[in-house]
Visitor: 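This is the structure, below, for whatever I ask next.
Letters go in sequence order (proteins before strands), and every chain restarts at 1.
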Number of protein chains: 2
Amino acid sequence: MSAKAKETPTKGEVTRLVIEDAAVELFIEHGYHATSMRQIADRAGLALGGIYNHFKSKEEIFEAIILDKHPYKKVLPLVLEAQGEDLETFLHNAVQITLKELGSEPMYMKLMFIEFVEFNGRHGASILSQVAPKVLPVFERIIKGRKNLRVTNPALLMRSFFGMIISYFITEMLISKSVIGKLMPKDAAAAYTDIFLHGVLKEPL
Amino acid sequence: MSAKAKETPTKGEVTRLVIEDAAVELFIEHGYHATSMRQIADRAGLALGGIYNHFKSKEEIFEAIILDKHPYKKVLPLVLEAQGEDLETFLHNAVQITLKELGSEPMYMKLMFIEFVEFNGRHGASILSQVAPKVLPVFERIIKGRKNLRVTNPALLMRSFFGMIISYFITEMLISKSVIGKLMPKDAAAAYTDIFLHGVLKEPL
DNA sequence: CCTACCGATCGGTAGG
DNA sequence: CCTACCGATCGGTAGG
């Protein structure tokens, strides 16, 4: 048992994750306050009381989910490690990789909105304060390294980058339920990326 | 009483609006399911039972609010009536007017997110189906009339237009609670508009 | 429009 | 980890 404690998860750790998985599904389906502890217990396959061996309260489940499954957990390393010979390919890669990764489980983006609506963005604001100092330098480097950028403020570049991603997914989720989804181009993600890049860059790709 | 019935609102109509106003405040503060009928009654200044003389259920209050106070009610006429000599000024005006109008009560944008999170976008999808046919022609006209557009698909242009607006407000609300809001340029709305326009247009303004 | 009430369900706990 | 239970609060209604 001297290893990194990642190899053989405790039975308790497994149950904890089962509860989290059941809860995150239900939260995404109905939101936080409309989901009951009994529903979570049922879907996790145990009795109501059993949950409280792993979590002190319903809110603690939500907080664990935010820590473990928030989309930024996937996006952050991707953006930090994005590569490319020049600025254009770098930004293009960063956007495409991020959209593709998040697109594999688009509903997890809904966690952000649940938190925003039902917790007034309390967790979101604190995540932002932790993450921004790590990500901002990336955008600072982009701006300093190249001259063909129309945007010279790193915070604004960062904001428009993530704003574009958020906008892509929320419009995607709204449109997919409507007929006008049919009118969208095949690779809407690429088209979206394209608009953003041309908005930010001075010269065409 | 042959007038348009807008002049002297019934006492009942007034009470109805008082209830809606109390409810929309509470929904924006805590979301739909976390708001109780008793809270709404208290804030509206009447007893619990009194509400049911004006609304059959809690959900009916929410639906009335969506009908009366959804941000698209303000944005739609503005976009339809936006003017401008050429394409650039037209688009620029449309964006600026919309951002300014919504910015006067930014929290009402939260209604969209509440509906998305707690009603799974049911109302949002039906609004989209009603509104899209009216708005899409505007973007079709934009595309047909001018050649210096990089985006040739009207649905995509419409999506990126409203996506940009949504993205502006959600990042605004998140950032305003964080320190990095200080790093943003003075007129972030103008900068945001600028990025969008350059993303969509072939030539600089 | 209010008072007083209904059954149902909520989050959480004790005790084993 | 389950059974059985707690007080509190929920949306909604009857009756005046």
Visitor: Under 4.0 Å: is that the gap between some side-chain N or O of B:Ser36 and OP1 or OP2 of D:dT9?
Guide: no

Visitor: Could B:Glu59 and B:Arg122 be called an ion pair, given the rule that one side-chain N must be under 4.0 Å from one carboxylate O?
Guide: yes

Visitor: Does the side chain of A:Val75 come within less than 4.5 Å of A:Glu101's, by heavy atoms?
Guide: no

Visitor: In whole angstroms, how far is the C1' atom of C:dT9 from the CG atom of A:Asp42?
Guide: 14 Å

Visitor: To the nearest Å, give me how far apart CZ (A:Arg38) and P (C:dA8) are.
Guide: 14 Å

Visitor: Rounded to whole angstroms, how far apart are CD1 on B:Ile19 and P on D:dG12?
Guide: 13 Å

Visitor: For DNA chain D, find the residues of residues 51-69 of chain B with a heavy-atom distance under 4.0 Å and give them by number; none if there aren't any.
Guide: B:Tyr52, B:Ser57, B:Lys58

Visitor: How long is the line joining CG of A:Leu48 and C1' of D:dC1, in whole Å?
Guide: 12 Å

Visitor: Which ring pair (Phe, Tyr, Trp, His ring centres under 6.0 Å) pairs, counting each pair once, include a residue from residues 67-88 of chain A, with sequence neighbours left out?
Guide: A:His70-A:Tyr72

Visitor: Can you confirm whether A:Glu172 sits close enough to A:Met184 that some side-chain heavy atom of one is under 4.5 Å from a side-chain heavy atom of the other?
Guide: no

Visitor: Could you go step by step and tell me if A:Val138 and A:Phe90 meet the side-chain contact (heavy atoms from CB on, under 4.5 Å) rule?
Guide: CA-CA 11 Å; A:Val138 175; A:Phe90 173 86; 4.1 Å; yes

Visitor: Please work out whether the ring planes of B:Phe113 and A:Phe113 are parallel, tilted or perpendicular, with thresholds of 30° and 60°.
Guide: parallel

Visitor: Rounded off to whole Å, could you give me the CD-to-P distance for the B:Glu13 and C:dC1 pair?
Guide: 12 Å

Visitor: Any side-chain heavy-atom pair from B:Ile61 and B:Tyr32 closer than 4.5 angstrom?
Guide: no

Visitor: Which listed nucleotide (D:dC1, C:dT3, D:dC2) is nearest to the side chain of A:Leu46?
Guide: D:dC2

Visitor: What is the distance, rounded to the nearest whole Å, between atom OH of B:Tyr32 and atom P of D:dC10?
Guide: 13 Å

Visitor: For residues A:Lys177 and B:Asn120, determine if any side-chain heavy atom of one lies less than 4.5 Å from a side-chain heavy atom of the other.
Guide: yes

Visitor: Taking NZ, NE, NH1 and NH2 as the nitrogens, is one of them in A:Glu105 or A:Lys69 under 4.0 Å from a carboxylate oxygen of the other?
Guide: no

Visitor: Send over the distance from B:Met37 CE to C:dC10 C1', rounded to a whole Å.
Guide: 18 Å

Visitor: Dot-bracket for DNA chain D, please, read 5' to 3', with Watson-Crick or G-U wobble pairs under 3.5 Å on both distances, ( ) within the strand, [ ] crossing, | other strand, . unpaired.
Guide: ||||||||||||||||

